[in-house]
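See below for the structure under consideration.
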Amino acid sequence: MAAMRRRLGRAAVASGMAAASTLGLVGCGALLPGGHARRVTPPPPPPTGYSSSPSYEPSYSPSPTPEETYDPDGRSDARGNNCRYDQSARRLEYSVSVTNPSLTKTFTYEMAVNWMKARPADGTAFGLHQRSIVVRPGQTETYTATYSYTNTSTRELWFQCEIRRARKSEL
């Protein structure tokens, strides 16, 4: 009995599908529960003279690359470390590294390193080292600034190192 109902149900569905296709009904969703059919109509054609594609073609042009600028005060590009007095060589020393942040331009740095009295810190300079270095794009140059100094005092030598100047200019 159940098998017979299934066969009758399949036959009803098949005949409904055939009728639906004859009437111009579309898709599986055209036959609603309860055997009611719904007609699906395509959208109306566009008015004459109308195109569904845009009448212009968008164009994209990259913004002009701004000219690379730089600060002529290159002290932010310079780092110092290992401020020391070499007793055997009788000189003040300071390791200096200069990094060129530009990826396109080479710069010359006019460097000045001072060794300043630290106790008391009265603004007295023990020595000055000046040097010009060239640093290529994205590179780092390192050198040791030196100043010959003989400590004639029997007291300890208190001093500090500072990069006084790093004037930067395009090569």
Side-chain angles (χ1 to χ4, degrees), residues 26-30 32-33 38 40-171:
V26 243
C28 297
L32 298 175
R38 167 174 67 128
V40 178
T41 57
T48 56
Y50 173 79
S51 170
S52 62
S53 62
S55 60
Y56 69 95
E57 288 197 25
S59 63
Y60 301 98
S61 59
S63 301
T65 305
E67 183 65 29
E68 183 180 10
T69 59
Y70 68 93
D71 183 358
D73 181 0
R75 285 181 292 179
S76 62
D77 300 348
R79 300 278 180 269
N81 65 38
N82 202 9
C83 180
R84 63 200 176 276
Y85 178 68
D86 183 336
Q87 190 134 11
S88 62
R90 294 188 176 138
R91 66 182 182 197
L92 298 161
E93 298 177 345
Y94 194 39
S95 298
V96 178
S97 294
V98 181
T99 301
N100 180 354
S102 172
L103 297 177
T104 58
K105 296 181 179 180
T106 299
F107 290 105
T108 298
Y109 291 82
E110 300 295 330
M111 304 296 296
V113 173
N114 270 355
W115 289 267
M116 305 295 291
K117 186 176 176 183
R119 287 193 187 166
D122 59 6
T124 304
F126 288 119
L128 171 68
H129 173 92
Q130 297 184 75
R131 179 176 178 178
S132 175
I133 63 168
V134 174
V135 187
R136 294 186 169 192
Q139 299 296 309
T140 299
E141 293 293 329
T142 302
Y143 71 96
T144 301
T146 60
Y147 181 78
S148 294
Y149 180 81
T150 302
N151 184 13
T152 57
S153 171
T154 56
R155 297 183 177 174
E156 282 188 282
L157 181 62
W158 293 92
F159 61 100
Q160 63 187 23
C161 301
E162 67 180 20
I163 297 172
R164 182 62 134 199
R165 181 181 68 240
R167 192 173 303 128
K168 180 178 179 179
S169 59
E170 191 176 343
L171 192 60

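When Asp71, Asp77, Asp73 are each tested for a salt bridge (charged side-chain N to carboxylate O under 4.0 Å, His left out) with Lys168, only one passes: Asp77.
With 3.5 Å as the limit, one finds a donor-acceptor pair spanning the side chains of Glu110 and Ser132.
Atom CG of Leu103 sits about 10.0 Å away from atom CD of Gln139, to the nearest 0.5 Å. For the atom pair CD (Glu93) and CG (Asp86), the distance works out to 4.5 Å, reported to the nearest 0.5 Å. Between the CE atom in Met116 and the CZ atom in Arg164 there is a gap of 5.5 Å [rounded to 0.5 Å].
Annotation for Gln130 and Arg165: closest pair OE1-NH2, 2.8 Å, computed over non-hydrogen atoms. Listed here is the closest heavy atom pair of Cys83 and Phe159: SG-CE1, 3.6 Å. Minimum heavy-atom separation, Gly80 to Ile163: N-CD1, 3.9 Å. Closest non-hydrogen pair, Thr99 versus Thr140, comes out as OG1-OG1, 2.8 Å. Shortest non-hydrogen contact noted between Trp115 and Ala145 is CZ2-O, 3.5 Å.
Residues Tyr143 and Met111 meet the side-chain proximity criterion, which asks for heavy atoms closer than 4.5 Å. Between Val135 and Phe107 the shortest side-chain heavy-atom distance does not fall below 4.5 Å. Using a 4.5 Å heavy-atom cutoff, the side chains of Leu157 and Phe126 are in contact. Looking at heavy atoms from C-beta onward, Asn114 lies out of side-chain contact with Cys161 at the 4.5 angstrom threshold.
Remark: side-chain polar atoms of Arg79 are paired, donor with acceptor, to backbone N or O of Ser76 under 3.5 angstrom. Checked by atom type and distance alone, the side chain of Tyr85 pairs as donor or acceptor with a backbone atom of Tyr149 at under 3.5 Å. With His129 contributing its side chain and Thr146 its backbone, the two residues share a donor-acceptor pair below 3.5 Å.
Atom CZ of Arg84 has more than 12 heavy atoms from other residues, nucleotides or ligands within 6.0 Å.
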Item to check | Intermediate values then yes/no, side chain to side chain donor-acceptor pair (under 3.5 Å), Ser102 and Asn100 | outcome: CA-CA 6 Å; Ser102 172; Asn100 180 354; 4.5 Å; no
